[in-house]
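As the structure is a computational prediction, the values presented were derived from the model and not from experiment. We name chains A, B, ... by the order of the sequence lines, and we start the count at 1 in each one.
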There are 2 protein chains.
Amino acid sequence: MSDVPHRSGSKVRAKPTEDFIYTELYNAICERQLLPDTKLGEVLLAEHYGVSRTIIRQALMRLSGDRLVKLEPNRGAFVARLTLEEARQIYAAWRLVEAEIIREVSTTITPEQVARLRALIAAERQACEAEDYPLLTRLSTQFHIQLADLCSNPFLSRFIKELIPQTSLAYFYEVRKMPLCTKDEHGEILDFIAVGDAEAAVAAAKAHLDGIEAALDARAALEPKASLADKLKSRMPSMS
Amino acid sequence: MSDVPHRSGSKVRAKPTEDFIYTELYNAICERQLLPDTKLGEVLLAEHYGVSRTIIRQALMRLSGDRLVKLEPNRGAFVARLTLEEARQIYAAWRLVEAEIIREVSTTITPEQVARLRALIAAERQACEAEDYPLLTRLSTQFHIQLADLCSNPFLSRFIKELIPQTSLAYFYEVRKMPLCTKDEHGEILDFIAVGDAEAAVAAAKAHLDGIEAALDARAALEPKASLADKLKSRMPSMS
DNA sequence: CACACAATTATTGTATACGATTTCTGCATG
DNA sequence: CATGCAGAAATCGTATACAATAATTGTGTG
């Protein structure tokens with residue numbers, strides 16, 4: 001991960017910067033608009049964004065460092081694919097570090113920070129009722145990311161922030177939207193943190209992640225290989 | 001057909017690949033032959049290795065992803081510098097994940113793997129007696145890296161492997177060689193792991209890392225800013 | 001002498017050109 | 001009809017050229 005993905009309102013027709021393109025692809029993969037094994041052709045992207053292949057190449061290399069794309073020599077860049085086992089390993093690592101973060105944050109969090117997270121949860125519920133699942137996905141991960149950012153150890157929070165996007169690469173996860181909606185697990189976790197009950201918060205977080213992971217194998221191996229980058233690009237949140 | 005690059009004195013030499021240059025710089029930084037804030041000029045490196053700036057740029061971008069070099073826009077690449085606080089945070093994260101790895105490995109390790117690690121420890125002691133400190137540094141980190149590789153969760157081991165090189169960026173660490181030599185802490189940790197006493201091994205590992213970290217502030221802020229890339233390159237383990 | 005500022009130099013950022021490798025296509029052949 | 005093998009087309013890898021930006025030097029003025 002290089003830096004926080006944040007979609008900026010694009011209006012300027014000036015030449016897009018490498019960072020912009022990186023962020024755009026990053027978000028597209030996280031939101032599953034670009035599915036695993038999708039080929040990311042350099043000329044295609046270069047022409048789409050109106051820049052040279054050099055820029056595209058840089059963005060793809062950064063994404064490769066994030067393990068979101070796989071660079072095959074002399075063959076090109078593809079959206080990375082995760083096995084079910086790898087997905088489980090990610091959740092295991094996530095649980096471990098998340099627990100440590102929660103323990104620390106429980107002792108340092110301020111009312112303002114709690115309020116900020118509550119606002120995020122409120123937005124989640126709203127997105128859920130509106131059935132805006134891409135937004136919900138984004139906000140759900142955002143909760144964990146913002147929580148991690150409250151940790152005083154940036155190396156731990158960075159680890160989380162590198163791990164979370166990769167979970168989007170596991171080819172499933174639609175399943176988990178409903179539970180999130182009804183149960184408001186993020187709210188429970190935050191409640192415990194807010195009152196300083198670290199271990200209860202940790203337990204709630206572990207149960208939360210367990211639940212997400214348990215939903216994984218349900219409809220694994222779903223989804224076909226790929227769709228053409230062109231078709232997706234017409235839907236991409238970019239210019240033109 | 002011998003694809004062995006013949007090392008005759010002539011100038012016919014296979015062009016170094018990007019990966020080679022990356023590895024070379026990576027090791028040079030880890031072994032502290034390239035110190036923090038050293039500027040890594042593109043043309044200088046390109047001419048030295050006999051490749052174009054394109055290749056150098058790729059290597060530098062990868063190193064930037066590893067947080068070993070800092071890329072300043074329009075100014076160039078510099079060996080990254082760590083504050084004392086950041087170094088402590090790295091060790092904190094390291095302790096956390098190392099403990100988890102040890103817990104798992106203690107239940108899965110095989111006699112062959114134990115033997116392999118013991119051989120490494122023997123080499124460490126040998127390097128210590130020979131006072132070959134660069135080699136000792138390399139072997140010491142290698143112990144932790146090989147241990148991490150025994151973990152079934154590659155995401156955890158990768159985290160460790162990304163963390164360790166960064167500790168080289170903290171401007172100190174000569175201090176810790178003596179303790180390592182006399183006390184053989186790696187050996188102790190391995191002994192506990194070999195007999196399956198996970199918690200004792202974890203405790204030993206934590207004490208080990210605590211010791212290293214404690215030695216940090218001793219002579220912090222030592223070492224001046226930089227030395228010229230040229231001067232270092234004459235010492236670099238590469239082609240002349 | 002110190003300081004500010006313009007011109008020069010050096011270095012990075014981007015685009016383009018060319019070579020190498022892979023993939024696709026079509027035709028011949030069993 | 002399937003298969004195998006050219007040859008063509010597309011795509012990636014690297015080098016080079018040029019533009020943009022920062023660093024440096026030199027010069028004039030308070």
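Rounded to whole Å, the distance from CG on B/Asn74 to C1' on C/dA10 is 13 Å. Rounded to a whole Å, the CG atom of B/Leu71 is 7 Å from the P atom of C/dG13. Atom P of nucleotide D/dT11 and atom CG of A/Leu45 are separated by 12 Å, given to the nearest angstrom. Distance CD (A/Gln58) to P (D/dC12): 16 Å, rounded to an integer number of Å. We find that CZ of A/Arg53 is positioned 10 Å from C1' of C/dT16, with the value rounded to whole Å. Atom CD in B/Glu72 sits about 21 Å away from atom P in C/dA10, given to the nearest Å. Atom-to-atom, CG of A/Asp19 to P of C/dT14 comes out at 11 Å; the value is rounded to the nearest Å. The OH-C1' distance, from B/Tyr49 to D/dT14, rounds to 18 Å in whole Å.
Between B/His144 and B/His186, the ring-plane angle classifies as perpendicular under the 30° and 60° cut-offs.
B/Lys39 has a side-chain polar atom (N or O) that falls below the 4.0 Å cut-off from OP1 or OP2 of C/dT12.
With DNA chain C read from its 5' end, the first of the two nearest nucleotides for A/Arg75 and A/Ile55 is the one closest to A/Ile55. Both A/Gly76 and A/Thr54 lie near DNA chain D, and the one whose nearest nucleotide falls closer to the 5' end is A/Gly76.
Distances were taken from every side-chain heavy atom of B/Val51 (C-beta onward) to each of C/dT14, D/dA15, C/dT21; the shortest belongs to D/dA15. The side chain of A/Lys15 lies closest to C/dT14, out of C/dG13, D/dA15, C/dT14. Distance from the side chain of B/Arg57 is smallest to C/dG13 among D/dC12, C/dT14, C/dG13.
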| task | Applying salt bridge (Lys or Arg N to Asp or Glu O under 4.0 Å), run through B/Asp37 and B/Lys70 and close with a yes or a no. | result | CA-CA 9 Å; B/Asp37 291 343; B/Lys70 195 171 62 165; 5.9 Å; no

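Around CD of B/Gln126, the count of heavy atoms belonging to other residues, nucleotides or ligands within 6.0 Å does not exceed 12.
For the pair B/Asp19/B/Thr23, a side-chain contact is recorded, criterion being any heavy-atom separation below 4.5 Å from C-beta on.
Here B/Glu18 pairs with B/Arg62 in a salt bridge; the nearest charged N to carboxylate O distance falls below 4.0 Å.
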